[in-house]
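Because the structure is a prediction, the values reported are computed rather than measured. Lettering of chains follows the sequences in order, A, B, ..., and the numbering in each one begins at 1.
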Protein chains: 2
Amino acid sequence: MFKIDEVAKETGLTKRTIRYYEEIGLMPTPERSDGGTRLYTQEHIHHLQRVISARDVLGFSLQEIQDYMLYAQELTGHRELYPQLRDPKQQLTKLREMDQALEAQLRTLDEKASKILAMKQELEQFRERVTTGITRLETEEKES
Amino acid sequence: MFKIDEVAKETGLTKRTIRYYEEIGLMPTPERSDGGTRLYTQEHIHHLQRVISARDVLGFSLQEIQDYMLYAQELTGHRELYPQLRDPKQQLTKLREMDQALEAQLRTLDEKASKILAMKQELEQFRERVTTGITRLETEEKES
DNA sequence: TCTAACGTTGACGTCAACGTTAATATGATG
DNA sequence: CATCATATTAACGTTGACGTCAACGTTAGA
């Protein structure tokens, strides 16, 4: 069980940000001590690290990340979905919704990946020109 | 020569955003008519499209995009860099700086690409589980 | 040339994503 | 058990990235 300062050091987030993420529902609410101090588990830390990854690396808004995490949680940790809690018709509808959403998210990821590739190629071209420029200047320097 | 509304329609940005990007130095200042109306070229549109790409797809801050665009401009459009405007020593120093910066940017891009891949794989796993769930429910439905 | 449609510059408004401060309670340690 | 580092909530402040509105000038077409 970790207190918030420990979690902050593990994740690199500030304590404020951690509480904020809980506030907006981006994180499962941790347990509390008798006095009210938040007590986090390793799971919480993992969760936060994935949130950070999605936020920093992909530039998703916290809202988008929340949508993504929703599915992730339903399918991994708490699988209260698969055991038929309800009418199978409703199950089917929900699963189809999830399928649609997942497909959409995969498409945006593909888009991003291809654009990243394009930027990479551009930067690599730039870099080639720079390195040839450097070597040219270096040889000129030696010749003088 | 395009006026701002045309550029807005081409790029999907609002006029406000276009002026804002100019204001913060994210775009080369366009020419003006005698009356003061901004007159854009095709180049400006291309530039904006690349900015949009970097912003939307990578979630860079406008400041980061500005840094990126700085090098891009120095190396493509206005190649006032290569003709030795100055002392070759200074040239060399500058080129080395650029090389460092480009390398760093390439590293961050690689990082992003690999994280995107990881997310993709996760989502694909989720999707498999969902689709198997769907087919199972569908066959159960037919059997009843 | 007149006018409707579009352009320009302030200036203030807004929303997300936190930072900061204050006032107060909690928890570990000698 | 005293105390000092941490914790909590509540509230307001800030920054980036624009939206919106007002007051006014410009342009193009009838």
Whole-Å distance between [N] [atom2] and [X] [atom1]?
X     : N      : atom1 : atom2 : value
A:K15 : D:dT6  : NZ    : C1'   : 7 Å
B:K9  : C:dA5  : NZ    : P     : 13 Å
A:R19 : C:dG19 : CZ    : P     : 12 Å
B:E22 : C:dG10 : CD    : P     : 13 Å
B:I4  : C:dT8  : CD1   : P     : 5 Å
A:I18 : C:dA17 : CD1   : C1'   : 15 Å
A:E23 : D:dC12 : CD    : C1'   : 14 Å
B:E6  : C:dA5  : CD    : P     : 18 Å

When the nearest nucleotide of DNA chain C is assigned to A:T17 and to A:S33 on a heavy-atom basis, which residue is associated with the more 5' position? A:T17

When you match A:R55 and B:G36 each to their closest nucleotide on DNA chain C, which lands nearer the 5' end?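 It is B:G36 whose nearest nucleotide is closer to the 5' end.
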
Could you check whether A:R96 pairs with B:E138 (Lys NZ or Arg NE/NH1/NH2 to Asp/Glu carboxylate O, under 4.0 Å)? yes

Inspect the contact between B:K120 and A:D110 and indicate whether a charged nitrogen and a carboxylate oxygen are less than 4.0 angstrom apart. yes

Between B:D34 and B:F60, which has a closest nucleotide on DNA chain D that is more 5'?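 Its nearest nucleotide lies further toward 5', so the answer is B:F60.
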
Would you kindly compare B:Y20 and A:R32 by the position of their nearest DNA chain D nucleotide and give the one closer to the 5′ end? A:R32

Is any N or O donor-acceptor pair between the side chain of B:R16 and the base of D:dT20 shorter than 3.5 Å?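 Present.
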
Looking at [N], I'd like to know if its phosphate oxygens (OP1 or OP2) sit under 4.0 Å from a side-chain N or O belonging to [X].
X     : N      : value
A:K3  : C:dG27 : no
A:R38 : D:dT8  : yes
A:T14 : C:dG19 : yes

Heavy-atom closest pair, residues A:P30 and A:R38: CG-CG, 3.5 Å

Is a donor from one side chain sitting under 3.5 angstrom from an acceptor on the other, for A:Q91 and A:D87?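 Distance-only check fails for A:Q91 and A:D87.
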
Under 3.5 Å: donor-acceptor pair, side chain of B:T37, backbone of B:S33: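 Checked: no pair found.
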
Under 4.0 Å between any heavy atoms, over every strand shown, what does A:I24 touch: base, sugar-phosphate, or nothing? Just pick one. nothing

